[in-house]
Amino acid sequence: EPEVTQTPSHQVTQMGQEVILRCVPISNHLYFYWYRQILGQKVEFLVSFYNNEISEKSEIFDDQFLVERPDGSNFTLKIRSTKLEDSAMYFCASSRGPNEKLFFGSGTQLSVL
Amino acid sequence: ELKVEQNPLFLSMQEGKNYTIYCNYSTTSDRLYWYRQDPGKSLESLFVLLSNGAVKQEGRLMASLDTKARLSTLHITAAVHDLSATYFCAVIRTTSGTYKYIFGTGTRLKVLA
């Protein structure tokens, strides 16, 4: 069964450093999302992406965050200057259509020290 | 702002018992999604409820949707230990062609042998 893949599974970084989280959505999906979850709690929406541009972003998604689809398969989330409060599990998700169920990747656990 | 609330937040139940998890949302939506998350894992889609009165069942889980009451329920019948997980409902908000899935607060279920 097709799946969303994310790399790396764990990322440890120093505060102020840049990180790039990578995702490969399911190949025939058109809608892409980033969510984050802190300590197994609420699943927070960060950004949605369609047709090579951001569809919607949350208040969390400030200028420190950047999403890109650099080629036909990858979907990346860059955090330019990490803060302690960015420590979380980041999930990439994709869907075939605009309101179909989301398929989630296995997540990247980001730890900012 | 669309709010999605679940109750209870935590549920500890004996094997063989029945229980219901409730999901309330604050604005109109025609679709509701249920996901399961095992500890340290990703989110897995359980059900997509497409319209008012929709009911879906798989195994010991049954989900229903009442769009007029803005309420969905996830009913557990004769719980078994394998159902221990966190369950999230999610509602989609569409605004001018953008799509955003808002997740509930989650219900952490522990089934005791």
Side-chain angles (χ1 to χ4, degrees), chain A residues 1-7 9-10 21 23-26 29-51 53-61 67 88-109 111, chain B residues 1-7 9-10 23 25 27-51 54 56 58 63 65 67 72 84-110:
Chain A
E1 184 174 316
E3 59 181 23
V4 177
T5 57
Q6 288 186 246
T7 55
S9 56
H10 293 84
L21 311 183
C23 170
V24 179
I26 294 173
H29 285 191
L30 301 175
Y31 296 80
F32 314 117
Y33 306 82
W34 284 101
Y35 284 82
R36 76 176 186 186
Q37 186 179 38
I38 297 173
L39 295 176
Q41 303 297 315
K42 192 176 170 94
V43 179
E44 295 181 294
F45 170 80
L46 292 178
V47 66
S48 58
F49 192 88
Y50 169 70
N51 200 26
E53 61 183 22
I54 290 174
S55 298
E56 189 160 353
K57 58 185 181 180
S58 71
E59 293 176 353
I60 303 168
F61 194 91
V67 286
M89 177 72 89
Y90 287 80
F91 289 107
C92 172
S94 68
S95 66
R96 187 177 54 183
N99 52 5
E100 297 191 26
K101 67 180 180 183
L102 297 179
F103 289 78
F104 282 83
S106 53
T108 295
Q109 180 66 56
S111 298
Chain B
E1 178 73 20
L2 173 58
K3 291 187 179 178
V4 185
E5 294 182 342
Q6 291 179 233
N7 71 82
L9 297 181
F10 298 97
C23 172
Y25 52 98
T27 63
T28 303
S29 179
D30 289 333
R31 292 193 178 205
L32 189 128
Y33 309 81
W34 282 97
Y35 290 86
R36 169 183 170 144
Q37 185 180 36
D38 291 308
K41 303 292 185 182
S42 186
L43 286 88
E44 175 188 355
S45 176
L46 291 174
F47 301 109
V48 181
L49 301 169
L50 299 177
S51 60
K56 292 232 175 136
E58 178 151 348
L65 177 62
T67 58
S72 179
S84 297
T86 300
Y87 293 86
F88 291 94
C89 62
V91 175
I92 189 164
R93 193 196 77 179
T94 59
T95 306
S96 301
T98 68
Y99 302 91
K100 178 177 173 180
Y101 297 77
I102 306 297
F103 281 78
T105 44
T107 296
R108 188 173 297 178
L109 170 66
K110 186 171 184 180

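Below, chains carry the letters A, B, ... as their sequence lines are ordered, and counting in each starts from 1.
- Residue contact with chain A, scored on non-hydrogen atoms closer than 4.5 Å, is absent for B:E44.
- We find the CG-NZ distance between A:L46 and B:K100 to be 10.5 Å, quoted to the nearest 0.5 Å.
- Of the two parts of B:Y35, only the side chain, counted from C-beta on, holds a non-hydrogen atom closer than 4.5 Å to a non-hydrogen atom of chain A.
- Between chain A and the residues B:G104, B:G40, B:A90, B:S42, the largest count of heavy-atom pairs under 4.5 Å involves B:S42.
- Proximity to chain A involves both the backbone and the side chain of B:L43, based on heavy atoms less than 4.5 angstrom apart.
- Not a single donor-acceptor pair under 3.5 Å links the side chain of B:S45 to the backbone N or O of A:K101.
- In terms of heavy-atom pairs under 4.5 Å with chain B, the best-connected choice from A:G107, A:G105, A:S48 is A:G105.
- To the nearest 0.5 Å, the span separating NZ on A:K42 from CZ on B:F88 amounts to 9.0 Å.
- Distance check, rounded to the nearest 0.5 Å: CZ of B:R93 to CZ of A:F45 gives 8.0 Å.
- Residues A:F91 and B:Q37 are in side-chain contact: their nearest non-hydrogen atoms beyond the backbone lie under 4.5 Å apart.
- With sequence neighbours excluded, the residues satisfying ring-ring contact (aromatic ring centres under 6.0 Å, His included) with A:Y33 are B:Y101.
- Here CZ of B:F103 is found 5.5 Å from CG of A:L102. Values are rounded to the nearest 0.5 Å.
- Residue A:Y31 touches chain B through its side chain alone, counting heavy-atom pairs closer than 4.5 Å.
- Contact annotation for A:Q41: both backbone and side-chain heavy atoms come within less than 4.5 Å of a heavy atom of chain B.
- With a 4.5 Å cut-off on non-hydrogen atoms, A:I54 does not touch chain B at all.
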